[in-house]
Amino acid sequence: MAVWALGINHTTAPLDLRGRFAFAVDQIAPTLQSLRTSLARPPEAAILSTCNRTEIYCASAEHEIGSTIEWLAQSGGVPSTLVRNHAYMLQDAHAARHAFRVASGLDSMVLGEAQILGQMKDAVRAADEAGALGSTLNQLFQRSFAVAKEVRTSTDIGAHSISMAAAAVRLAAQLFEDLGKVRVLFVGAGEMIELATTHFAARNPKSIAIANRTLERGEKLATRFGGEVMRLADLSSRLHEFDVVVSSTASQVPIIGLGAVESALKARRHRPMFMVDLAVPRDIEPEVKALEDVYLYTVDDLAHVVQTGHAHRQAAVAQAEAIIDAGVQSFVHWMDQRGAVPLIRQLHAQTDAWRALELARARKMLARGDDVDAVLEALARGLTQKMLHGAMAELHAGDTESRQRASQAIEHFFLRKER
């Protein structure tokens, strides 16, 4: 089997380009179906899509990276040359190493962060439910999870990790003298918003509100943190009430526009607003950043903040890479062994046929009253002759080269000392 990975991330592609290839959870199954049917041979496939990366993992009889690039470009509505300029394309051991590094947090914007492992497990679960996950990719990902666990338990890779949510709170604290006096609005109710709400709630803001498309999910989060829930449709009319706005939804278009923010600032008499857009694609129109009294940060803007403590974790990176190296070697060895599986099956089938034939002959001899020792001797001799027939035939082959190859093989398989 051939394994390949194609992806873009926060180091290779700008935010707006990444946004073109962000796949929501409910899109994964049909997207995988589209990918698999677009290639010459439908491969095993999985898609990992987060705010910082979109990666496609495939396994098939042959590599089809070119076709995978064409499909990704078409799905994002961009030229394939643009994808090639911003993507990384990895094969076999290199693809495995990348998957192991991603799962371990070594390829994350926040070095050592643990959230990516959960996101990777979700991606594998989605691929499995879509019927796109075969034995090769399943083995790759299960090994990546095992490697990630060993990295986290054996090294200090996540010791000084600062999450995006924690970075947002830190920046807000720099703008507002007392976070206990600010009103905070969270737009969305997913995992990222839940994490951000947890961090802000720990600073006891004056109020918390959750705006979500589905009120039921928003109510659960609001109840947990003692906040209120509001409809997404009321966002524009109530935006001016909040000092801090943190947004992360799965919307494919911005839900907070320039006009809405300008109106909010006017109603606030230009008191500053701190806004964090954690969504990919963007939830907040980029033009908002140009407004004088708005401090807007995207996931890419937060990059330098989350690098705090990076130097402290570098010592753990070497340890983690050593663990990953061992994991890659183990996976490659497993892949190599998989190539011999058809031959092993044929060998087992042949020996089973010989055994069945000789057992049937032995049972007939016993049934007619032959001596048991004679039957056992005949059984052993019959099996031995069948096993050696091919080797003996090769030793009596006509040409010298064939006999030499047969001699070496026989010495290796039959005459070597036990190892």
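Side chains are part of it too, since the values below use all heavy atoms of this structure and drop only hydrogens, waters and symmetry mates. On a predicted model such as this, the values are computed, not experimentally measured, just so you know.
Without hydrogens or angle criteria, Asn9 side chain to Asn52 main chain gives no donor-acceptor distance under 3.5 Å. The backbone N or O of Gly327 sits nowhere less than 3.5 Å from a side-chain atom of Ser330 that would complete a donor-acceptor pair. In this structure, Thr155 contributes its side chain and Gln319 its backbone to no donor-acceptor pair below 3.5 Å. Not a single donor-acceptor pair under 3.5 Å links the side chain of Glu150 to the backbone N or O of Ile323. Within the 3.5 Å criterion, the main-chain N or O of Leu137 finds a donor-acceptor partner in the side chain of Glu44. Proximity of a side-chain donor or acceptor of Thr351 to a complementary backbone N or O of His348 within less than 3.5 Å is detected. A distance-only check finds no donor-acceptor pair linking the side chain of Ser154 to the backbone of Val151 [under 3.5 Å]. Under a 3.5 Å cut-off, the side chain of Arg152 and the backbone N or O of Gly112 do form a donor-acceptor pair. Within the 3.5 Å criterion, the main-chain N or O of Leu258 finds a donor-acceptor partner in the side chain of Glu285. With Arg268 contributing its side chain and Phe242 its backbone, the two residues share a donor-acceptor pair below 3.5 Å.
Put simply, the side chain of Arg20 does not reach to within 4.5 Å of the side chain of Ile8, judged on heavy atoms. Counting only heavy atoms from C-beta outward, the side chains of Ser104 and Ile324 approach each other to under 4.5 Å. Here the side chains of Leu395 and Ser407 are in contact, with some heavy-atom distance below 4.5 Å. Looking only at side-chain heavy atoms (C-beta outward), Leu171 and Val276 stay at 4.5 Å or farther from each other. Two residues are said to be in side-chain contact when any heavy atoms from C-beta on lie closer than 4.5 Å; Thr68 and Pro43 fail this criterion. Side-chain atoms of Thr198 and Phe225, non-hydrogen and from C-beta on, do get closer than 4.5 Å to each other. With contacts defined as side-chain heavy-atom distances shorter than 4.5 Å, the pair Lys386/Leu357 qualifies. Side-chain contact between Arg18 and Arg53 is absent, with no heavy atoms from C-beta onward closer than 4.5 Å.
Here CG of Leu195 is found 10.0 Å from CZ of Phe186. Values are rounded to the nearest 0.5 Å. Put simply, OG on Ser75 and CD on Glu70 are 11.0 Å apart, with the number rounded to the nearest 0.5 Å. Expressed to the nearest 0.5 Å, how far CG of Leu140 lies from CZ of Phe331 amounts to 4.5 Å. In this structure, SG in Cys58 is found 8.5 Å from CD in Glu64, a value given to the nearest 0.5 Å.
Among Ile284, Thr249, Asp283, the one residue that satisfies the side-chain contact (heavy atoms from CB on, under 4.5 Å) test with Ile256 is Ile284. With Leu185 as the fixed residue, the side-chain contact (heavy atoms from CB on, under 4.5 Å) test singles out one of Glu241, Met230, Arg238: Met230. The only member of His270, Arg269, Arg271 that meets side chain to side chain donor-acceptor pair (under 3.5 Å) when paired with Asp293 is His270. A salt bridge (Lys or Arg N to Asp or Glu O under 4.0 Å) with Arg282 holds for exactly one of Asp300, Asp301, Asp16; it is Asp16.
Within 6.0 Å of NE2 on His240 lie more than 12 heavy atoms contributed by other residues, nucleotides or ligands. Gln337 CD: more than 12 foreign heavy atoms inside a 6.0 Å radius.
The aromatic rings of Phe274 and Tyr297 are tilted relative to each other, their planes meeting at an angle between 30° and 60°. The aromatic rings of Tyr88 and His98 are tilted relative to each other, their planes meeting at an angle between 30° and 60°.
Arg143 and Gln139 are linked by a side-chain donor-acceptor pair at a separation below 3.5 angstrom, with hydrogens and angles left out of the test. Between the side chains of Arg224 and Thr197, no donor N or O sits under 3.5 Å from an acceptor N or O. For the residue pair Asp234 / Ser237, no side-chain donor-acceptor distance below 3.5 Å is found, with atom types taken as modelled.
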Under the side-chain hydrogen bond (donor to acceptor under 3.5 Å, both in side chains) rule, what do Thr50 and Gln119 come out as? Steps first, then yes or no, please. CA-CA 8 Å; Thr50 74; Gln119 293 168 328; 4.5 Å; no
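When every heavy atom of Ala127 is checked against every heavy atom of Ala46, the shortest pair comes out as CB-CB, 3.8 Å. For the residue pair Phe23 and Thr54, the shortest heavy atom distance occurs at CE1-CG2, 3.9 Å. In terms of heavy-atom proximity, Val328 sits nearest to Phe100 at N-CE1, 3.5 Å.
Figure legend: Lys181 and Phe176 shown without cation-pi pairing, the cationic atom not lying both under 6.0 angstrom from the six-membered ring centre and within 45 degrees of its axis.
With respect to Glu262 and Lys266, no salt bridge is recorded, no charged nitrogen being found less than 4.0 Å from a carboxylate O. Taking a cutoff of 4.0 Å between a charged side-chain nitrogen and a carboxylate oxygen, Arg125 and Asp128 do not qualify as a salt bridge.
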